[in-house]
Amino acid sequence: MADDIALLASDISLEKEIEPDLKVMADADLMNQALYNLIANAVKYNRKGGWIRLVLRAEGPRVKFVVSNSGPEIPLSDQEKIFDRFYRVSKSRDRTVDGIGLGLSLAREIVAAHRGELVLEKSLNGVTSFVVRLFRSN
């Protein structure tokens with residue numbers, strides 16, 4: 001998926017910190033959809049000439065996957081609602097961006113179905129970061 005970012009937005013730089021050989025027990029198609037939704041949002045809501053950073057690492061019995069991007073912050077008043085179905089942040093993330101507000105909701109449901117969690121870690125000072133935590137498999 002990281003390689004697809006260049007196809008989706010050639011003006012966005014990509015940083016990767018991927019720990020090798022990490023495995024989770026998951027439905028590959030569903031998990032790909034959840035991760036694609038996060039990466040697509042990082043592209044859509046980025047700034048021109050911005051960046052995306054993907055981090056995958058072990059965190060105890062879990063795997064931690066972080067998608068961070070440059071761009072407008074999600075207002076504090078909207079941060080609790082962004083995982084609600086059909087919710088769209090109105091100001092900096094307006095209707096000029098395609099979508100109907102299901103991507104984050106769907107991603108969170110998929111991750112939860114795999115006994116994991118998806119949270120907004122931060123949206124501050126021009127950086128937004130989402131974190132997925134899933135249990136590792138052997």
What pairs with Arg53 under salt bridge (charged side-chain N to carboxylate O under 4.0 Å, His left out), at least two apart in sequence or on another chain? Glu15, Glu17
Where do Leu54 and Ile18 come nearest, in terms of heavy atoms and distance? O-CD1, 4.2 Å
What's the shortest heavy-atom distance between Val24 and Phe135, and which atoms? CG1-O, 3.4 Å
Would you mind reporting whether Asn41 and Phe130 have side-chain heavy atoms less than 4.5 Å apart? no
Straight-line distance of Leu120 CG to Phe83 CZ, nearest 0.5 Å: 6.0 Å
Counterpart residues, side chain to side chain contact (heavy atoms under 4.5 Å, CB included), relative to Ala112 (two or more places apart): none
List for me each residue that meets side chain to side chain contact (heavy atoms under 4.5 Å, CB included) alongside Ser137, sequence neighbours excluded, and say none if there are none. Lys23, Met25
Tell me whether Leu118 shares a hydrophobic cluster with Leu56, the cluster being built from Ile, Leu, Val, Met, Phe, Trp, Tyr side chains joined at under 4.5 Å. yes
What pairs with Ser129 under side chain to side chain contact (heavy atoms under 4.5 Å, CB included), at least two apart in sequence or on another chain? Val66, Ser68, Glu121, Lys122, Val127
Tightest non-hydrogen contact, residues Asn46 and Ser70, listed as OD1-OG, 2.6 Å
When every non-hydrogen atom of Leu134 is compared with those of Gly116, the smallest separation belongs to CD2-CA, 3.8 Å
Drop me the distance from Ile12's CD1 to Trp51's CH2, to the nearest 0.5 angstrom. 11.0 Å
Filter on salt bridge (charged side-chain N to carboxylate O under 4.0 Å, His left out), then keep only pairs touching residues 128-138, sequence neighbours left out; what's left? Glu59-Arg133, Glu117-Arg133
Checking Arg62 now: which residues fulfil side-chain hydrogen bond (donor to acceptor under 3.5 Å, both in side chains) with it, not counting sequence neighbours? none
Name all residues meeting the side chain to side chain contact (heavy atoms under 4.5 Å, CB included) criterion together with Met1; count only those two or more places apart in sequence or in a different chain, and write none if there are none. Asn32, Leu35, Tyr36, Ile39
Taking only residues two or more places apart in sequence or in another chain, which ones pass side-chain hydrogen bond (donor to acceptor under 3.5 Å, both in side chains) with Glu80? none
List the steps, then state whether side-chain contact (heavy atoms from CB on, under 4.5 Å) holds for His114 with Asp27. CA-CA 8 Å; His114 289 84; Asp27 179 286; 3.8 Å; yes
CG-OG distance between Asp78 and Ser123, expressed to the nearest 0.5 angstrom: 10.0 Å
Audit row: Val55, Lys64, side-chain contact (heavy atoms from CB on, under 4.5 Å) steps and yes/no: CA-CA 8 Å; Val55 176; Lys64 180 180 181 181; over 6 Å; no
Under the rule for side-chain hydrogen bond (donor to acceptor under 3.5 Å, both in side chains), what residues qualify as partners of Gln33, not counting sequence neighbours? Asn37
Rounded to the nearest 0.5 Å, what's the gap from CZ on Arg57 to CG on Leu22? Could you check? 10.5 Å
Assess, by modelled atom type and distance only, whether the side chains of Asn69 and Thr128 contain a donor and an acceptor separated by less than 3.5 Å. no
Heavy atoms of other groups near Arg47 CZ, more than 12 under 6.0 Å: yes
Looking only at heavy atoms, which two atoms of Ala2 and Leu14 are closest? And how far apart? O-CD2, 3.3 Å
Inter-residue atom distance Lys81.NZ - Leu104.CG, 0.5 Å rounding: 15.0 Å
Please list, chain by chain and in numerical order, all residues satisfying side-chain hydrogen bond (donor to acceptor under 3.5 Å, both in side chains) with Glu19, sequence neighbours excluded. none
Looking at Met31 and Ala26, what are the two nearest heavy atoms and their distance? CE-CB, 4.0 Å
